[in-house]
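One structure is given below, encoded as structure tokens.
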Amino acid sequence: MLLAHAVTLAEARSYVAALADHARTFDASVEYEHVLLQLDSIHGGDVPPTTDVLTDRRDVLYTVAEAAIEELVEHGVDALQVELLLAMLDEARAKDAP
Amino acid sequence: MYGENGHRLRTELATLLRQHRIQPRLGGPGSHTIPVTTTREQREALGEQVQRFRWATLMWCLQAVAAVNPGGKLAQMTVQYRRPSDELHYRLGRVLNSLEAGLPALEELTTPQEFPLVESWRQAAKAAVLGEHDFKAGPRDASLTQGQRMAVLKDAAEITQALVVLDKRYDQIPSWQPIPGRKRLNRTAKACAAFAEVGEPDLSVDRHGWRPPSALIEGGPLPGIAGVLQAQHNMLVHLGRFPNALNLRRVVDGQRIVSRDAALLAHYVAPGLVDRWREREQVYRQLVLETRNIGGLIGGGGPAAAEAANTVGRLHQVNVDEITRPEPLRELNKLFTRTDARVAAIMEEGAAERLYFRSVKLPRLVDASNHLVYPARERFVPITSSVQADLISITRRELRTAPLATSGSPCGNETRSALRESLEHRPDRRAGPIV
């Protein structure tokens with residue numbers, strides 16, 4: 001894994017983890033955790049650590065996470081896998097709606 | 001299990017102790033009503049066979065005493081310095097060295113015998129041979145409490161006494177080799193039984209020892225809550241193999257969801273479990289958070305992760321109205337307890353063997369990246385280090401359950417008193433013949 005890929009992955013993981021932590025419902029939190037697990041599965045469990053993010057606004061967290069996941073395609077991650085991840089993220093967001 | 005084999009051993013010996021005229025029971029002379037059906041040579045062969053079965057039973061006694069009293073240089077100790085358990089250990093060793101019978105062959109142990117007396121001996125020897133597994137797998141000195149050690153010692157002493165009593169009765173069998181020094185062995189066994197009695201034997205030792213490994217519940221998914229129990233059980237069996245970090249995270253995630261959903265189902269039928277399972281959900285939530293940055297490629301665990309997902313999926317399908325009895329939920333609770341213990345053991349093993357790692361950012365920058373922004377340097381450290389103290393402390397504090405208070409099995413208690421009665425209430429010789 002190249003450094004740029006690792007940075008993008010770390011960003012995606014950190015923001016998805018933050019979404020799971022700040023989810024309004026149990027089901028949404030579980031779904032975000034599943035996105036994180038899927039992200040790690042795609043990378044064979046060899047992943048950079050999550051870091052604290054500076055905001056707890058869900059719309060911001062979601063936008064950054066989505067952008068970071070989309071960017072993974074540029075680092076050689078299979079586009080279909082990325083689309084599936086985005087679908088899972090979208091589903092999790094639907095469950096997180098008030 | 002120790003209790004199971006001990007129960008069979010005591011049952012057969014109590015049966016043998018109730019039989020007094022031995023020759024007619026081997027088809028020999030001695031009774032006007034029972035015809036002679038065997039020749040002297042045949043009775044001799046039967047006697048030799050019984051001696052081999054006796055040898056196996058004596059060997060069990062020696063192993064039992066050795067398991068709770070490893071001893072050491074018993075031969076160099078003078079009698080004054082030997083405790084009763086040392087003395088019994090020493091005497092049994094000497095008896096076995098001087099007897100020539102040897103262990104019975106596998107065919108002898110597995111072939112049913114014509115005469116009930118020999119059959120009882122065969123069953124006793126079979127239990128003794130199977131009991132060897134128990135001493136290797138369970139009752140070793142370090143793993144037992146003092147009370148449990150005393151219980152094993154008392155069992156061995158009483159069985160030795162029974163063998164000595166039977167030995168006296170079998171003297172008339174052609175070519176019978178009596179136990180050398182049996183009076184002394186009997187005295188030692190009695191002293192040892194009294195010594196163990198003072199030490200308050202703890203019969204929970206019956207639950208120790210070898211037991212067959214859990215098997216998968218094969219076949220398609222069972223309907224309703226039974227399917228949930230099936231998947232949870234199978235997951236536990238698959239967790240017998242060490243999982244890699246990713247699959248461990250999947251299992252932990254599954255347990256979090258299952259705890260929460262099960263607590264909803266238990267609301268009406270088993271309200272006592274609701275709080276416990278909600279607490280469990282919180283514990284697994286903490287574990288999910290703490291294992292996010294755990295890595296480790298060694299191990300498998302794919303089937304365990306799949307069964308964890310099955311448990312979640314099947315539990316979603318169960319309607320609260322379908323559960324009318326608390327028993328299935330109690331079974332689920334038992335499986336949860338065992339799962340927690342196994343997950344804790346896996347975490348400990350992963351930490352001790354350095355199979356799980358955590359990636360951390362170091363307070364240094366990568367200065368050779370040729371980028372305008374230098375990212376923080378990363379490295380993997382074992383989860384035993386201070387950066388992951390929470391994971392290990394949660395595991396040790398929340399997942400490890402206190403050992404269940406176990407008592408001896410009812411059958412074990414029954415046969416212990418039956419054997420003791422057979423030993424204590426031997427008929428008076430002057431009271432007349434007993435068949």
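Each chain gets a letter, A, B and so on, in the order its sequence line appears, and its residues count up from 1.
Here the CG atom belonging to A:Asp40 is positioned 11.5 Å from the CD1 atom belonging to B:Ile294, to the nearest 0.5 angstrom. Annotation: the span from A:Phe26 atom CZ to B:Arg256 atom CZ amounts to 5.0 Å, rounded to 0.5 Å. Atom CD of A:Glu33 is separated from atom CZ of B:Arg249 by 7.5 Å, given to the nearest 0.5 angstrom.
Crowding of B:Leu222 atom CG: a count of heavy atoms from other residues, nucleotides or ligands under 6.0 Å exceeding 12. Other residues, nucleotides and ligands place more than 12 heavy atoms under 6.0 Å from the CZ atom of A:Arg24. Other residues, nucleotides and ligands contribute at most 12 non-hydrogen atoms within 6.0 Å of the CG atom of A:Leu2. Counting heavy-atom neighbours within 6.0 Å of A:Asp52 CG, excluding the residue itself, gives a total of 12 or less. Within a 6.0 Å sphere centred on NE2 of A:His75, heavy atoms belonging to other residues, nucleotides or ligands number more than 12.
A donor-acceptor contact closer than 3.5 angstrom links the side chains of B:Arg250 and A:Ser41.
Counting heavy atoms from C-beta on, the side chains of B:Ile257 and A:His34 come closer than 4.5 Å.
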Take A:His43 and B:Leu246, measure what side chain to side chain contact (heavy atoms under 4.5 Å, CB included) needs, and give me the verdict at the end.
CA-CA 11 Å; A:His43 291 88; B:Leu246 200 54; over 6 Å; no

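Using modelled atom types, no side-chain atom of B:Asp253 and backbone atom of A:Val30 make a donor-acceptor pair closer than 3.5 Å.
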